Amino acid sequence: MARIPVAGPWITQKEIDYVADATAHAWYGNANMYHDRFETAFSHYIGTEYAMALPSCTSAIHLSLLALGVGKEDEVIVPDLTWIATSAPVTYVGATPVFSDCDEKTWCISSDSLQECITPRTKAIIPVDLYGNLPEMDAIRDIAQDKDIAVIEDAAEAIGSEYHGRRAGSFGDVGVFSFHGSKTMTTGEGGMLVTDRRDLYDRCLTLRDHGRASGEKMFWNAEVGYKYKMSSMQAALGLAQLERIDELVDRKRQIFSWYRQNLESVEEVTLNCEHPGTKNSYWMVTAIFDAEFGLLKEEIIRKMREKEIDLWPFFYPLSSQPAYSAFASACDAQRRNVVSYRVSPYGVNLPCGMNMTVECVRRVCDVVREVVGIGESS
Ligand SMILES: Cc1ncc(COP(=O)(O)O)c(C=O)c1O
């Protein structure tokens, strides 16, 4: 039986044609034609004024922090449960990450914990739309506005999710996306920064072009910046994927619905939530197993692998990781973030690549039941 991977894209002839066209024609005076089309279409889709294609979401977070003036002496609040790409750029700019606890249902940053983490040094918050789930955006925005703190919405995993009719990524001063090969839409590697703020957009344009302001003479650099650009071939791939975004998100939702039908009657398994008024694009179908099964995620993953099915572990709390062992803020978080430490050990991402079929989902669920010792599916 073929091994079932966790994630992977859906590439059609359209993507192949666009990339071939970029390879043949996006040079000389047309060098930016696919960037322009991709960025315009993307800002339109998200509902923001500006969009900037970048080599990764990590670089988008880095630029956002720099453009917001975050630096030494500042603190940036991030959820404890996320990929380290959310917090690593905080260190790049010399600031301190502060790890907030997550909400029991959405697994995203909890607004109560966020409040507790705020100090006079807090300069920004990076809420993450984890696995496509959405945090309490209204509460987060109110807190941020009240305390004059910037918001960078990390929507790396949530293209196509919606919160009361607005698209994920449009809630902060800046929103950022990832197009890594595992994501709902991909450019191989790649990212996008979106914003309504002209000042931040202009600053990011300069910073990502080795410190050369747009319109400035060639090879003339006002400051030392970065080289954060996407290639035309990636932009062409991204444009083709974006033109199929409804189909891609529908497929993700369909895969999730197959899992839900199969597992929803099992009380001891909790899947991603979708609160009223929100739409979840379910980048990762995620299951939290009741601690009473007595199986940690690593054990479940090992047993499933023996049956040719790959799973990923739920993110480990950042504050538990060696990367942050020397950070006092991680020590505080280990004591404070009880939900993160309760959820993470028992969570896994189930296979939900774009190539999943209803039969594959049934096979995964059958093996899951066998491995953790749940009764037969109905
Ligand atoms: C929540 C989150 N933030 C940021 C990133 C970084 O994205 P990239 O790999 O494009 O830099 C990822 C990537 O997986 C992510 O899941």
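Order of appearance sets the numbers: ligands from 1, and atoms from 1 within every ligand. Values in this document were obtained by computation on a predicted structure and should not be read as measured data.
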Problem - D80 side chain vs N337 backbone, donor-acceptor pair below 3.5 Å - result: no
Practice task
Report the nearest protein non-hydrogen atom to atom 9 (O) of ligand 1: residue, atom name, distance rounded to 0.1 Å.
Solution key: S178 OG, 4.0 Å
Handout entry: Side chains of E116 and S113, donor plus acceptor under 3.5 Å
Key = no
Exercise for the section: Considering only non-hydrogen protein atoms, determine which one is nearest to atom 13 (C) of ligand 1 and report residue, atom name and distance to 0.1 Å. Expected result: K183 NZ, 3.2 Å
Handout entry: Polar contact flag, side-chain donor to acceptor under 3.5 angstrom, E189-S56
Key = no
Handout entry: Atom indices of ligand 1 within 4.0 angstrom of T82 heavy atoms, with elements
Key = 1 (C)
Exercise for the section: May I ask you to check whether Y324 and S87 show a side-chain donor-acceptor distance below 3.5 Å? Expected result: yes
Handout entry: Part of A156 with heavy atoms under 4.0 Å of ligand 1, whether side chain, backbone, both or neither
Key = side chain
Exercise for the section: First locate atom OG1 of T58, then atom CG of D154, and finally report the distance between them rounded to the nearest 0.5 Å. Expected result: 9.0 Å
Handout entry: V128 neighbourhood, listing ligand 1 atoms whose heavy-atom distance to it stays under 4.0 Å
Key = 1 (C)
Fill in the blank from the handout: Among non-hydrogen protein atoms, atom 12 (C) of ligand 1 lies closest to W83 CD1, 3.6 Å
Handout entry: Test: R166 cationic atom under 6.0 Å from F171 six-membered ring centre, within 45° of axis
Key = yes
Exercise for the section: List every atom of ligand 1 that sits less than 4.0 Å from any heavy atom of G190, numbering the atoms from 1 in the order shown and giving each element. Expected result: 10 (O)
Handout entry: Pair D196, T48: side-chain N/O donor-acceptor within cut-off below 3.5 Å
Key = no
Handout entry: Element-labelled atoms of ligand 1 that are located less than 4.0 Å from some non-hydrogen atom of A85
Key = 4 (C), 5 (C), 6 (C)
Practice task
Using a 4.0 Å heavy-atom cut-off, say whether T58 meets ligand 1 through its side chain, its backbone, both or neither.
Solution key: both
